[in-house]
Amino acid sequence: QKEVEQNSGPLSVPEGAIASLNCTYSDRVSQSFFWYRQYSGKSPELIMSIYSNGDKEDGRFTAQLNKASQYVSLLIRDSQPSDSATYLCAASATSGTYKYIFGTGTRLKVLA
Amino acid sequence: NAGVTQTPKFRILKIGQSMTLQCTQDMNHNYMYWYRQDPGMGLKLIYYSVGAGITDKGEVPNGYNVSRSTTEDFPLRLELAAPSQTSVYFCASSSAGAQETQYFGPGTRLLVL
């Protein structure tokens, strides 16, 4: 059973701090990785996608991918109360397919 | 441009009843997906489609059926509803396969009693 694992949290950080969210995946052939943000009662929305080893930055968000360690992370700098949500990690199921496997999500609380 | 729309927003079913969850996208996307999300859990793929007339099973297809007669529409059919199907159902679409962003609809909350 191919899996994507995340710590369910909640992860609590003070406003202005860096929030670090982590994700591991079991399928070595996964090629694409995504971070979605989901507010309570709402649908997921894409924050970042990453396909290559290394870092990818977009504003306050940085995604990091290490395929050798099968590890993906999301850093949120200068965390704001509006960042409080559940963050879902997703990986493509296997190379060449159109399916994704989602983790159970990490709940982030940014304390004002 | 409405994106992905789903109806109904909320529905209560009795055990054994059937219903169809509607999903429509206006982005001309070939790929469409149905997920369910149980409380505190991630998204589980029920069915997906890579184009009109082509569908395939995901992780949890039992108790559900789909059809894709047009690019825009991807309805999900529940036959003989069971309490285990109480969940929030999300439809999503993307322009290509596994490297493209999935756009999600607002969800349908289903309660089976």
Side-chain angles (χ1 to χ4, degrees), chain A residues 1-10 21 23-27 29-52 56 58 61 63 65 72 85-108, chain B residues 2-7 9-10 21 23 25 27 29-51 54-61 66 68 74 87-110:
Chain A
Q1 177 77 4
K2 297 180 174 61
E3 293 180 342
V4 172
E5 296 191 355
Q6 299 179 252
N7 188 323
S8 61
L21 306 165
C23 170
T24 59
Y25 60 95
S26 63
D27 187 356
V29 301
S30 290
Q31 298 288 321
S32 309
F33 305 89
F34 304 84
W35 283 100
Y36 285 84
R37 178 176 63 199
Q38 187 175 25
Y39 292 113
S40 181
K42 301 294 185 183
S43 56
E45 56 178 333
L46 184 74
I47 297 294
M48 295 279 289
S49 58
I50 186 166
Y51 313 121
S52 306
K56 179 181 177 183
D58 184 0
F61 299 94
L65 174 60
V72 191
T86 296
Y87 290 80
L88 300 169
C89 173
S92 58
T94 54
S95 177
T97 72
Y98 313 107
K99 296 186 288 187
Y100 303 82
I101 296 177
F102 282 81
T104 55
T106 298
R107 192 154 59 99
L108 173 67
Chain B
V4 181
T5 57
Q6 292 183 240
T7 57
K9 285 189 171 63
F10 175 66
L21 281 66
C23 175
Q25 52 92 8
M27 297 174 283
H29 286 168
N30 283 326
Y31 302 87
M32 296 187 75
Y33 306 82
W34 273 106
Y35 295 92
R36 60 176 287 174
Q37 186 175 37
D38 298 330
M41 302 296 287
L43 297 161
K44 297 289 188 186
L45 182 65
I46 305 171
Y47 272 95
Y48 69 103
S49 170
V50 301
I54 307 170
T55 63
D56 204 352
K57 296 177 181 178
E59 300 171 77
V60 290
V66 294
R68 182 102 181 265
F74 190 39
S87 191
V88 179
Y89 292 84
F90 290 104
C91 179
S93 72
S94 68
S95 60
Q99 286 213 344
E100 295 296 325
T101 302
Q102 290 193 345
Y103 296 89
F104 284 83
T108 293
R109 188 175 298 274
L110 177 66

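What you are looking at is a predicted structure, and each value in this text was computed from that prediction instead of being measured. Labels below follow one simple rule: chain letters A, B, ... track the order of the sequence lines, proteins then strands, and each chain is numbered from 1.
- Annotation: ring-ring contact (aromatic ring centres under 6.0 Å, His included) contacts of F61(A) (sequence neighbours excluded): none.
- Using a distance-only test at 3.5 Å, with no hydrogens or angles considered, no donor-acceptor pair links the side chain of S43(A) to the main chain of G107(B).
- Heavy atoms of F90(B) lying under 4.5 Å from chain A belong exclusively to its side chain.
- A search for ring-ring contact (aromatic ring centres under 6.0 Å, His included) contacts involving Y47(B) returns nothing, not counting sequence neighbours.
- For Y103(B), no part sits under 4.5 Å from any heavy atom of chain A, backbone or side chain.
- Most heavy-atom pairs under 4.5 Å with chain B: of the set G103(A), G105(A), P44(A), this distinction falls to P44(A).
- For a residue to count as touching a neighbouring chain, one of its non-hydrogen atoms must lie under 4.5 Å from one of that chain's; by this rule Q102(B) touches chain A with backbone and side chain alike.
- Atom OG1 of residue T86(A) and atom CD of residue Q37(B) lie 8.0 Å apart, to the nearest 0.5 angstrom.
- Proximity of Y100(A) to Y35(B): side-chain heavy atoms (C-beta onward) are separated by under 4.5 Å at one or more points.
- Considering CZ of F102(A) and CG of L45(B), their distance stands at 9.0 Å, rounded to 0.5 Å.
- When all heavy atoms of K57(B) and K99(A) are compared, the closest pair comes out as O-NZ, 4.2 Å.
- Neither the backbone nor the side chain of E45(A) comes within contact range of chain B, judged by heavy atoms closer than 4.5 Å.
- Contacts between L43(B) and chain A at a heavy-atom distance below 4.5 Å involve backbone atoms as well as side-chain atoms.
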